[in-house]
A.B. asks: 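Quick one: the structure is below, questions incoming.
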Amino acid sequence: PARVVVLVSGTGSNLQALIDATADPGYGVEIVAVGADRDAILALERAERHQIPTFVVRVGDHPDRTAWDAALATQLAAYGPDLVVSAGFMKILGEQVLADHTVVNTHPALLPAFPGAHAVADALAYGVRVSGCTAHLVDSGVDTGPILAQRAVPVEDDDTEDTLHARIKDVEHAMLVDVVGRLARHGHTLTDRKVTIP
Ligand code: GAR
């Protein structure tokens, strides 16, 4: 199987969907570690419950972002991942990590609409009638990398950030499981922003 490290910052429902998918050996993924930028989060508990090694690299424990990025790169290198998945990891990854790894991110909006840390609230405030989620390769911009998959979700009149985000997460879990599995089993090629999974 492909060696995958998942990066998290919160609840870890996307991590859980990936963990559940790995129960099938045909899925082709082994989650070799879960990394976070903070401790005491449900996502780390989920990893521990499944005997998956965890590590935490906090921005505040480093003099600057460059040093933090280098420390995260060192931790990742220890696990030799074929793929890194950012699943609710709420930090912008630095140059070193991106130079060393292929990173997939999942985002709760239809990019390029509503990038950033408040995508669901921003989409709701804008008044869109359809939103959704996007899986993309991470580049040095904020949610700007080549798109791997998108799923649309309707916005209801009485939606709050929580109800819309919950509806998005339902389809996001399936989207991420599908994309990570296909990348793990088949690899990818990239030509001018166009990703092909053979
Ligand atoms: C997911 O919806 C993910 O797309 C989003 O955070 C949620 C994490 O949920 N990520 C971002 O907003 C990144 N900008 P989870 O911890 O339950 O998987």
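Atoms considered below: every heavy atom in the structure, side chains included; atoms not considered: hydrogens, waters and symmetry mates.
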A.B. asks: Minimum heavy-atom separation for V8 and I41, please, with both atom names.
C.D. replies: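 Where V8 meets I41 most closely, the heavy atoms are CG2-CD1, 4.1 Å.
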A.B. asks: Under 3.5 Å, side-chain donor or acceptor atoms of residues 102-114 against the rest of the protein: list the pairs with distances, not counting sequence neighbours.
C.D. replies:
from, atom 1, to, atom 2, distance (Å)
N105, OD1, S86, OG, 2.9
N105, ND2, H136, NE2, 3.0
N105, ND2, D143, OD1, 3.4
T106, OG1, E172, OE2, 2.6
H107, ND1, D143, OD2, 3.4
H107, NE2, F114, O, 2.7

A.B. asks: Can you find a heavy atom in the side chain of I19 that is under 4.5 Å from one in the side chain of I52?
C.D. replies: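 Yes; the side chains approach each other to less than 4.5 Å.
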A.B. asks: Linking I/L/V/M/F/W/Y whenever their side-chain heavy atoms sit closer than 4.5 Å, directly or via other members, would L124 and V171 fall into one cluster?
C.D. replies: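 Same cluster: L124 reaches V171 through Ile, Leu, Val, Met, Phe, Trp or Tyr contacts under 4.5 Å.
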A.B. asks: For the residue pair H173 and S13, confirm or rule out a side-chain donor-acceptor distance under 3.5 Å.
C.D. replies: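 Yes - a donor-acceptor pair under 3.5 Å links their side chains.
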A.B. asks: Please determine whether side chain to side chain contact (heavy atoms under 4.5 Å, CB included) holds for the pair V153 and C133, giving the CA-CA distance in whole Å, both sets of side-chain angles, and the decisive distance to 0.1 Å.
C.D. replies: CA-CA 8 Å; V153 166; C133 51; 5.8 Å; no
A.B. asks: Starting from W68, can I reach V138 by hopping between I/L/V/M/F/W/Y residues whose side chains sit under 4.5 Å apart?
C.D. replies: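 Same cluster.
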A.B. asks: Give a yes or no on whether E156 atom CD has more than 12 heavy-atom contacts from other residues, nucleotides or ligands under 6.0 Å away.
C.D. replies: yes
A.B. asks: Is the shortest heavy-atom distance from the side chain of K91 to the side chain of V59 under 4.5 Å?
C.D. replies: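 Side chain of K91 against side chain of V59, heavy atoms only: contact under 4.5 Å found.
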A.B. asks: If Ile, Leu, Val, Met, Phe, Trp and Tyr residues are connected whenever their side-chain heavy atoms lie under 4.5 Å apart, and connections chain through other members, are L137 and V5 in the same group?
C.D. replies: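 L137 does not cluster with V5.
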A.B. asks: May I ask you to test the L44-V56 pair for a side-chain heavy-atom distance under 4.5 Å?
C.D. replies: yes
A.B. asks: Identify the two heavy atoms, one from P81 and one from L76, that lie closest to each other, and give their separation to 0.1 Å.
C.D. replies: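 Scanning both residues, the minimum pair turns out to be CD-O, 3.2 Å.
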A.B. asks: In the structure I gave you, are the side-chain heavy atoms of R151 and I168 within less than 4.5 Å of one another anywhere?
C.D. replies: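 Heavy-atom side-chain distance check fails, nothing below 4.5 Å.
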A.B. asks: Check step by step if side chain to side chain contact (heavy atoms under 4.5 Å, CB included) holds for L72 and F55.
C.D. replies: CA-CA 9 Å; L72 184 57; F55 60 87; 3.8 Å; yes
A.B. asks: Please enumerate all residues that pass side chain to side chain contact (heavy atoms under 4.5 Å, CB included) together with R182, with sequence neighbours excluded.
C.D. replies: D178, V179, R185, H186, I197
A.B. asks: Tell me who clusters with V142, hydrophobic residues only, linked when side chains sit under 4.5 Å apart either directly or through other members.
C.D. replies: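 Grouped by the 4.5 Å side-chain rule, I92 form the rest of the cluster around V142.
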A.B. asks: How many angstroms lie between atom CZ of R167 and atom CG of L164, to the nearest 0.5 angstrom?
C.D. replies: 6.0 Å
A.B. asks: Would you say that V6 contacts N14 through its side chain, given a criterion of any heavy-atom pair below 4.5 Å between the two side chains?
C.D. replies: no
A.B. asks: Would you name the heavy atoms of A152 and V130 that are closest together and state the gap between them?
C.D. replies: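 What the structure gives for the nearest pair is CB-CG1, 3.9 Å.
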A.B. asks: How far apart are the closest heavy atoms of V177 and A21, and which atoms are they?
C.D. replies: CG1-CB, 3.7 Å
A.B. asks: Of all heavy-atom pairs between R38 and R58, which one has the smallest distance, and what is that distance?
C.D. replies: CA-CG, 4.5 Å
A.B. asks: Does a side-chain heavy-atom distance below 4.5 Å link V34 with E48?
C.D. replies: no
A.B. asks: Just wondering, do K194 and L190 contact through their side chains at under 4.5 Å, heavy atoms?
C.D. replies: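 They are not in side-chain contact.
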A.B. asks: Please report the closest heavy-atom contact between P198 and T196, naming both atoms and the distance.
C.D. replies: CD-O, 3.7 Å
A.B. asks: Whether R129 and D157 form a salt bridge (side-chain N of Lys/Arg under 4.0 Å from carboxylate O of Asp/Glu) is what I want to check.
C.D. replies: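 R129 and D157: salt-bridged.
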A.B. asks: What I'd like to find out is whether the side chain of I31 reaches to under 4.5 Å of the side chain of L18, using heavy atoms alone.
C.D. replies: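 When only atoms from C-beta onward are counted, L18 and I31 do touch, with a gap below 4.5 Å.
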